[in-house]
Amino acid sequence: MTSRWMRIVAPLMLLLLLLGAWELFVRWFDVQPFILPAPSQVLVAFVANFTMLVRHGAVTFSEITLGLLLGGVGGILLAVVVFYSPILDKALYPLIIGSQMIPVFAIAPILIVWMGYGLWPKVTVAALISFFPLVVNVSDGLREPTEGAVDLFRSLGATRAQIFWKLRLPASLPTLFSGLKVSATLAVVGATIGEWVGSHEGLGYLMLQSNARMRMSLVFAAILMLAVLGLLLFGALRIIERRVLHWRARKVESREVSR
Amino acid sequence: MDATSSLRIEGVSKSYLQRSTLIAVLDSISFNLETATWTTILGPSGCGKTTLLKIIAGLEFPDTGRVFVEARELSRLGETAYLPQDDTLLPWRTALGNAILASEIDGKPIADAKREALDLFDQFGLSGFESLYPSELSGGMRQRLALIRTFLTHRDILLLDEPLGALDPLTRATLQNWLLNVWSELKKTVLLVTHDAEEALLLSDRILVLTDRPAQLQLDQAVELDRPRDRGSSELVSHKSQLLRLLLEEEVGT
């Protein structure tokens with residue numbers, strides 16, 4: 001079997017195995033559905049409530065993507081500013097790191113007070129949690145070019161702007177995408193937390209409501225939906241990454257062939 | 001000054017502050033380069049050859065002394081084609097994209113630059129590799145590409161910092177011949193830095209030998225051998241052993 005097939009089949013087999021064990025466990029010990037529903041019950045709930053899950057999922061997904069977009073753009077801009085201004089670097093960096101020590105759970109209720117129950121407090125939480133990996137990764141990426149490469153550009157009379165657009169920015173793209181993928185998973189967490197703290201729609205809201213009514217299979221169906229959305233986002237980013245970094249994909253391919 | 005002189009170095013000295021000690025690197029170096037000639041700087045490793053090239057390229061400033069390009073004294077950024085020692089091909093650009101970098105920076109039309117680059121690729125045995133990325137090229141091809149990029153800068157003075165240093169002996173010999181062919185067609189003023197005496201003798205019109213730090217000009221010698229030169233000829237071999245003796249004395253002296 002080719003390695004490409006193994007990459008799809010192997011995790012799928014493991015997942016089926018785990019789900020099977022879960023199903024057997026629930027049936028064997030006759031666990032009550034409001035404590036732990038069997039995977040088959042979750043699937044039934046998922047299908048039965050599909051339109052509702054999609055409606056709430058759409059809300060959560062827009063919170064995630066908007067948050068990631070804002071946090072992403074903010075993180076990249078901050079990294080560039082900090083890179084080019086040593087003073088701002090010294091002033092901002094400790095604050096940025098310090099801000100990461102504050103759990104978003106503590107900020108979310110405050111944001112609800114300020115911004116109400118709508119979309120924006122969730123977007124803000126998602127943005128706040130997802131900008132940090134980009135600041136760190138893009139800062140590192142901008143420092144990627146060697147002294148020789150910078151010398152080459154300068155000796156040709158390149159302006160600072162040309163050195164940024166033609167050298168530093170392209171060199172930072174691989175780490176930028178690594179950061180973006182981490183940020184995407186964090187944005188899912190951020191949006192869900194935002195919804196838990198106060199909302200009237202979204203998958204987080206649906207989870208809390210169903211939990212309170214002991215409809216555990218719907219809680220799990222909402223979690224499943226959230227996982228699907230997260231994977232969709234992650235997959236979309238991977239596709240964009242491969243498009244943008246196609247020069248890198250080729251290198252990886254040739255390495256795999258030689259292995 | 002001489003009308004055919006394209007580069008003039010006058011009493012250039014340079015020191016660095018390293019852990020609060022002042023280290024003199026260059027000590028009043030002076031020489032002229034004549035247009036369309038090949039000059040090689042030979043010296044023990046770490047003697048400040050790279051620093052000298054960087055000063056000429058305008059990347060660093062001498063403590064004392066002056067550098068003139070075509071009798072003008074100015075910021076030399078953008079005036080010369082400098083090929084740094086480390087690998088400076090951009091991994092996200094194709095071979096062709098790397099070759100036309102200078103035209104892009106100069107704001108010249110890309111289509112013209114590409115056409116010209118393709119001609120050179122064809123002429124110098126890289127045709128068919130235009131759309132490959134540097135990571136897909138062999139070490140010799142990468143270095144050839146870096147040199148093509150340097151030639152395509154349209155600068156008259158080329159500053160080459162050990163461009164063949166990292167290659168295996170066979171590739172190196174091939175590229176030395178190749179480089180000589182390209183140069184004889186394009187007629188640029190070349191200043192090459194190397195620590196390989198044979199390479200210097202094979203390629204140059206003139207050899208400048210530097211002493212160990214702080215580097216002074218130890219020897220300024222014209223190479224009057226007809227091209228193409230044979231690395232096995234008795235003249236070249238005897239010149240080589242003389243140069244090696246000179247370099248070795250420098251190394252032992254430290």
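These values consider heavy atoms only, across backbone and side chains, with no hydrogens, waters or symmetry-generated copies. Naming: A, B, ... by sequence-line order, numbering from 1 per chain.
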Visitor: Indicate yes or no: at least one non-hydrogen side-chain atom of A:W247 is less than 4.5 angstrom from one of B:S135.
Guide: no
Visitor: So which atom in A:F153 and which in B:L90 form the shortest heavy-atom distance, rounded to 0.1 Å?
Guide: CZ-CD1, 4.0 Å
Visitor: Under 3.5 Å, side chain of B:R155 to main-chain N/O of A:L156, donor-acceptor pair present?
Guide: yes
Visitor: Does CD1 belonging to A:I8 count more than 12 external heavy atoms closer than 6.0 Å?
Guide: yes
Visitor: Around atom NZ of B:K114, are there more than 12 heavy atoms of other residues, nucleotides or ligands at under 6.0 Å?
Guide: no
Visitor: Minimum heavy-atom separation for A:K166 to B:W92, with atom names?
Guide: O-CZ2, 3.5 Å
Visitor: Relative to chain A, which of B:E104, B:R93, B:Q85 shows the most heavy atom pairs under 4.5 Å?
Guide: B:E104
Visitor: Look at B:K54 together with A:E147 and state whether they make a salt bridge at an N to O cut-off of under 4.0 Å.
Guide: yes
Visitor: Return the CD1 to OG1 distance between B:I105 and A:T159, rounded to the nearest 0.5 Å.
Guide: 8.5 Å
Visitor: What residue, out of A:P145, A:S155, A:G148, has the most heavy-atom pairs lying under 4.5 Å from chain B?
Guide: A:S155
Visitor: Can you name the one residue among B:T88, B:L59, B:L83 that meets side-chain contact (heavy atoms from CB on, under 4.5 Å) with A:D151?
Guide: B:L59
Visitor: Determine whether more than 12 heavy atoms belonging to other residues, nucleotides or ligands lie under 6.0 Å from atom CZ of B:F61.
Guide: no
Visitor: Out of B:L159, B:T153, B:D161, B:L101, which one racks up the most heavy-atom pairs below 4.5 Å with chain A?
Guide: B:L101
Visitor: So which part of A:L173 gets closer than 4.5 Å to some heavy atom of chain B, the side chain, the backbone, both or neither?
Guide: neither
